[in-house]
Amino acid sequence: MTDHAPNPSSSTDPKPGAAAPSNELPKAYKPSEHEDAIRARWESTGAFHADPSRVLSGDAEPFAIVIPPPNVTAALHLGHALNNTLQDVLVRAHRMKGYETLWMPGTDHAGIATQSVVEKRVLKEEGKRRADFKGEEGRREFVGKIQAFKDEYERVITDQLKRMGCSCDWERQRFTMDEVCAAAVREAFFQLFKDGLIYRGKRLVNWDPVSQTALSDDEVEMEEVDGHFFYLRYPLVHRSENSEDAKDAQEVTWDELASRGYPGADGHDGDENAWVTVATTRPETYLGDTAVAINPRDPRAAALRGLCVQLPLVGRVIPIVEDDYVVMPAADPDAEGVDAKAKYATGFLKVTPAHDPNDYEIGRRHGLPVINVMAPDASISDLHGWTDIGDARGFVGLSREEARRKVVAAFKERGLLEAQKPYRHSVGHSYRSHAAIEPYLSDQWYVKVTDPRLAGAALDAMVHEQRGNREAQLDPVKRGAEREAGDASLRFYPERYAKTYETWHENIRDWCISRQLWWGHRIPIFYLHQRTAQSVDPGVVHSWEQRNLESEATLDVLGRAAARACGLEDDVWFQRDLVETTAPMSGPQGVQRTYFGVACSRSRRGDLFLGHIHRLARMSSSSTEDQRVTRETFVREYGNDSLRPSMALAHRISHVSQDPDVLDTWFSSALWPMSTMGWPDATAAANATGIADFPQMLDAFNPTSVLCTAREIITLWVSRMVMFNRYLRPEGTKARRHEGTKTEKHEGGKGSGPVPFRDVFIHSVIQDGEGRKMSKSLGNGVDPLDIIESHGSDAMRFTLVQMTTSTQDVRMPVERDPTTGKNTSPKFDQGRNFCNKLWNAARFAVSILEKAGADDASRSVKPSDLSLVDRWMLSRVATTVADVDAALGEYQYAPYATAMYDLLWRDFCDWYLEAIKPTVASSAPQRAVLRATLDAILRMLHPIAPYITEAIHERVRSLLPTAAIAGLDLTGDAKDAARRASAKWAGMLCREVWPRADASLRDERAEQSFERLRQLVTACREVRSQHQVSPKRRVKLHVDAELAKEIGASGGLVETLAGLGEVSTATPAAAAVTFSFDSKECFLSDLADQVDAGAERERLTKQITDLDKSITALEGRLGNPGYADRAPKHLVDQTRDQLMKAKADREAARANLARLS
RNA sequence: GGGCGGGUAGCUCAGUUGGCCAGAGCAUUCGCCUUACACGCGAAGGGUCCAGGGUUCGAGUCCCUGCCCGCCCA
């Protein structure tokens, strides 16, 4: 914890800039001296607060992102830093571009993860387990501890996000379990339940025996495990027709089998009891076997028809059934390419419906009993459905692993273990506890996502060109029906992830949403338990009630009548029974109904009502006085007319109890884009939070613009948000925008509503230098706060953005910082260096602009007023604006960062600033270009590096304004200017307008001309370097008249950058070095007091060798007969030109070499 | 088993419809405290673009086969 607390000293540092407006900027950028103060200004001016009314009035287009809420389980890691930096880049850029921009922050309660962390903590600190907290009271106490933990981490996480510079609308921050979000969960559950899309099912779930909860399919990780195949012999018997007693089972001998035509039976002792051999990796589950299956095409099947086997020790007699699922044994198990299953198969499959999903299906097909032989902790138990223990009592109480060993030993002892082969296979493990998953039969709640209104709607949401399924793409009926609905409006970046999304929905299974946990949204289902005959106290039932009691009425009828009488028909939904989409199983595990019916409560009002019904139902066991009080309370609450129907209901039940389980965390996450904006009752949300414009949020900002997340979340989260949004939000959302607002109607689009977001951007996963995931256990993780402290937030952000290419993983070499002992990466040095470069460039520019004083003209500077290097610089700015806009539009982060790097470092610093040094002091137009360029760079860089750019902007802004540059718009729309000028955040860079560059600023000729001269400079520098000319020495360049004229027209550019004292058209004196430029022979003289002939000879020789190589290559290309004919003419011409120049240069070099010797 | 991504300089990575002598940063070497920046400036060396085949005048780029690494799903 302390690791992540903010540095307390940093927040008390004096604010820079503000303290001393006139002194010059410090030499190096020190992030810690600026970040806190700048962040405080952003926050205090409400710069990130989104105003939905501007969207609804049509004054601004919306741009909205909901944060993928971080789990409150732990502090943020580098992956979060990446995820949130990328969001912030989009958010800041769009805000500057004039969109009304919302970034909704919040955190996720992360049920199982948080609960298990707190469980461990409580065990360690108090020595208590969850089971030690008894009853509803104990549960509340324990949940309180988790709540406290959540509060602690929510603060840590929020602080981390803020320090990263995230420009969230912090006033709107939500938590998945807060009042506003809880209302959404309630409403969603209620609607789905009422519509029959939530049901309770008894079936095999993924059971985590350590956490003792069910898991969804997505929470199970497959891991390779070294195990064995065990071959167990089950003795064959006849079904005992008249006796239930297994002891009466009559053995089947090999002779009898032979007479039935069983292949290979005569190879055995004819009098001996025959057997079949099953192969299994989990012998301990044999205790729950209810059949042996054989493939009907198996030649042995006919002979076995009607026979049974008897389970050793248990004594249970179970049938042999025929099922296509059974894999036939391979004829030659050792042959190449034999399927692994066939290789190990015997053709007989033990069927344990309670402990294997495939067996469960076989069981359903053949009507087999389901015998659960395990307790919730996965130990062998006779208390959870297993009754015919027989002689197998010795296994009861053992763990899965112990039981396996003992079962194998028992079979071996009796000569029934035929073989044991090592076998490596994948086994499901809990993503949280890492325990092996036990397929476990239990009652759980499911969302019927297989319904077309859910999964189907999620598929239809995809844009057509990203759908792989051709029929869906071309279906004309579908296309006609789209219109305003959310169909065909969801797009993935990078595109390939659309496939992941699509295939997942095509193979989707119903979603298990109940978790046997305490931390989460309690399932809003109440069981109304049936009153047994003896529990009815005849004295309680008054005569009028008896008369009026509709004895035949079912619970739903009674319940609805009661609710209506109390004015709560919208708050509670009664149902006779739970909806089962699958036929109930036969056998001892059939669903035991102990309740009379269920009620789903939509609201706290509903909960209270059911509590009252509960008390009415319990009245018979209380004193007369208590009964009177209970009735009076009820009447006071709901009025006189409410009592009769409610009593009619209450008299049929003994008590009401809420389902103890909570919902899967993803259920609330799935509602995030809606719940954070106040769905379903934004007025209530406004009242609860004091945020007055809550009722405008949904219409203004949902659908959001883009969701940014990592790919592992596509199925867990993205899909479910799409399904829920489309089901629960009404159609025609777009049309309602600009039309004012209303609290959302309860009726949703049922699958044709809008999408929660238009784009889905999936970013890379950061790995360490060896391509491993960063993890605590490996100790290879990098803590974002460590980087912020050592390098600054902007440096971290720049590095992360620069790394974000469209590949699925990026590597970051991790090193230990020798001074702090903390993990870091040299990658971050790049970001730090970049920031420092920017700082110093700005420092230099500021020093020049400060000195200029008030004489700078205010009239607009036109390109024609400017020198080559200025026109070139502006052209580069214009090009970069276009490049950056294009990159941002496609979520191309690395190209964005690279474009900014090149513009700032290569163009602005290396060339422009160097070139203008001699002239800028005397040229007002040049100063205008300098300031505009720096300003444009700051703005374009702000989304990546918000702190430093804001810090610099503060200074640049305060300098006397220099003239505007025609074609470079840095002021924005005039009509918006007044509003912006009067805002609290006025003048801050984070709210400045995004640069817009007119096409006229792009100057192809200036760029070409500059490029030529740059090459000339480089050629001069090369010569200087090779001749070890001191950087201070001014040398003399000799060129022909034409080139001299070009140099002259460039305004001293070449002289400055190449360190020339003079440019001459005269032939050089004796001590000169020659080089070729553009096929022209040029000379540099005055390099030193004497030219080093050896160095020169070396240089020329190397040059000739290089040219030889080029000439050979170029001649080869031109010699190719197809080339001249088929290649584009301009390319061929270009090649000829190159060859000519290369030959000329070689001639010149050769001549010079000859002259030297 | 199915799907996806990657294999380019010592390291981390760009390289968008096939077309200048394949680029950047870091690292290395040489020279510079040139008054914005040594977290810097100037210059240099360094690549069988995983392997093999194909299409093409031309392939890092497109097609096929194979190898290796990683991820997701079953």
Side-chain angles (χ1 to χ4, degrees), chain A residues 24-25 27-29 217-218 221-222 339-341 426 428 468 494 496-497 499-500 502-504 507 711-712 714-715 764-765 767 769-773 791-792 795 799 802-803 805-813 825-848 886-887 890 892 894-895 897-898 901-902 905-906 909-910 913-914 917 1017-1018 1020-1033 1057-1059 1102 1106-1107 1109-1111 1113-1114 1116-1128 1130-1132 1134-1135 1137-1138 1142:
Chain A
E24 70 182 56
L25 295 165
K27 196 168 173 179
Y29 175 64
D217 295 340
D218 312 270
E221 293 171 346
M222 302 308 279
D339 177 69
K341 279 192 180 152
S426 49
R496 69 183 112 95
Y497 292 111
K499 198 166 178 176
T500 311
E502 186 175 37
T503 50
W504 190 73
N507 305 311
R711 64 181 175 280
E712 73 235 29
I714 296 172
T715 54
S764 325
V765 169
Q767 304 173 330
E770 277 78 54
R772 299 171 305 183
K773 266 188 179 169
H791 290 70
T799 298
Q802 198 182 27
M803 286 175 73
T805 59
S806 61
T807 58
Q808 49 181 35
D809 308 303
V810 290
R811 290 186 186 191
M812 171 170 280
S825 172
K827 283 265 182 190
F828 293 112
D829 294 347
Q830 289 177 40
R832 182 201 51 192
N833 295 353
F834 180 76
C835 290
N836 193 56
K837 191 72 177 174
L838 172 65
W839 183 255
N840 278 291
R843 210 157 67 88
F844 178 66
V846 164
S847 73
I848 290 166
E890 294 285 308
Q892 302 264 15
T898 305
Y901 182 96
D902 288 342
W905 202 310
R906 300 275 84 100
C909 292
D910 286 354
L913 290 184
E914 292 303 327
K917 275 178 181 174
V1017 169
T1018 301
C1020 296
R1021 284 172 173 177
E1022 198 180 325
V1023 172
R1024 292 179 65 118
S1025 183
Q1026 262 151 355
H1027 285 275
Q1028 315 237 320
V1029 178
S1030 152
K1032 280 180 183 154
R1033 190 178 182 105
L1057 298 171
K1102 188 187 165 300
D1106 288 349
L1107 287 167
K1109 236 191 280 175
S1110 291
I1111 288 162
L1114 294 168
R1117 194 180 307 163
L1118 288 167
N1120 185 328
Y1123 183 70
D1125 300 342
R1126 305 206 196 181
H1130 73 274
L1131 286 175
V1132 180
Q1134 192 179 304
T1135 309
D1137 200 40
Q1138 280 169 345

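Reminder, nothing fancy here: chain letters follow the sequence lines and each chain counts from 1.
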C1'-based separation of B/C69 from B/C63 [nearest Å]
24 Å
Nearest-angstrom distance, P atom, B/G45 to B/G1 | 48 Å
By nearest-heavy-atom nucleotide on RNA chain B, the more 5' of A/E1022 and A/Y901 is A/Y901
Taken to the nearest whole Å, CZ/A/R843 to C1'/B/A36 is 5 Å
A/R832 atom CZ is separated from B/G25 atom P, nearest whole Å, by 16 Å
Of A/T500 and A/T1018, the one whose closest nucleotide on RNA chain B sits nearer the 5' end is A/T1018
Is the phosphate of B/G40, meaning OP1 or OP2, less than 4.0 Å from a side-chain N or O of A/W839? no
Identify whether any heavy atom of A/C835 sits under 4.0 Å from a base atom; if not, whether one sits that close to sugar-phosphate; answer base, sugar-phosphate or nothing. nothing
Practice task
Using the side chain to side chain contact (heavy atoms under 4.5 Å, CB included) rule, take A/Q802 and A/F834 through it: C-alpha gap first, then chi angles, then the decisive distance, then the call.
Solution key: CA-CA 11 Å; A/Q802 198 182 27; A/F834 180 76; over 6 Å; no
From NZ of A/K837 across to C1' of B/G25 the rounded distance in Å is 14 Å
Notebook entry, point to check: Is the phosphate of B/C37, meaning OP1 or OP2, less than 4.0 Å from a side-chain N or O of A/N833?
Noted result: no
Hits for side chain to side chain contact (heavy atoms under 4.5 Å, CB included) against A/S764, two or more places apart or cross-chain, chain-then-number order -> A/V810
Separation of B/C30 atom C1' from A/R1024 atom CZ, nearest Å, is 16 Å
When we call it a touch if two heavy atoms are under 4.0 Å apart, what does A/R711 touch: a base, just sugar-phosphate, or nothing? sugar-phosphate
Here the distance between atom C1' of B/C39 and atom CG of A/N840, to the nearest Å, is 9 Å
Describe, in one word, how the ring planes of A/Y29 and A/W839 are oriented to each other, choosing from parallel (under 30°), tilted (30 to 60°) and perpendicular (over 60°).
tilted
message = When you measure from the side chain of A/S825 to the backbone of A/P813, do you find a donor-acceptor pair of N or O atoms at a distance under 3.5 Å?
response = yes
Roughly how far apart, to the nearest Å, are B/C20 and B/G15 at atom C1'? 14 Å
To the nearest angstrom, the CD-P distance between A/E914 and B/G42 comes to 7 Å
With B for base contact, S for sugar-phosphate-only contact and - for none (protein heavy atoms under 4.0 Å), nucleotides 4-14 of chain B reads BSS-----BSS
- Can you tell me how far P in B/C71 sits from the matching atom in B/G66, rounded to whole Å? 22 Å
Roughly how many Å apart are B/C50 and B/G3, using the P atom of each and rounding to a whole number?
23 Å
A/T898 meets the side chain to side chain contact (heavy atoms under 4.5 Å, CB included) criterion, sequence neighbours left out, with A/D902
Residues passing the salt bridge (charged side-chain N to carboxylate O under 4.0 Å, His left out) test with A/R832, sequence neighbours excluded, are A/D829
Rounding to an integer number of angstrom, what distance separates B/G60 and B/A74 when you compare their C1' atoms? 35 Å
Atom CD1 of A/I848 and atom C1' of B/C37 are separated, to the nearest Å, by 14 Å
Taken in chain and number order and not counting sequence neighbours, the residues that satisfy side chain to side chain contact (heavy atoms under 4.5 Å, CB included) with A/S847 are A/F844
Side-chain atoms of A/Q767 come closest, of B/A24, B/G70, B/C37, to B/G70
Those residues at least two apart in sequence (or on a different chain) that pass side chain to side chain contact (heavy atoms under 4.5 Å, CB included) with A/E914 are A/K917, A/L1057
Check: Can you tell me how far P in B/G25 sits from the matching atom in B/G19, rounded to whole Å?
Finding: 23 Å
A/W905 CH2 to B/C37 C1', in whole Å, measures 9 Å
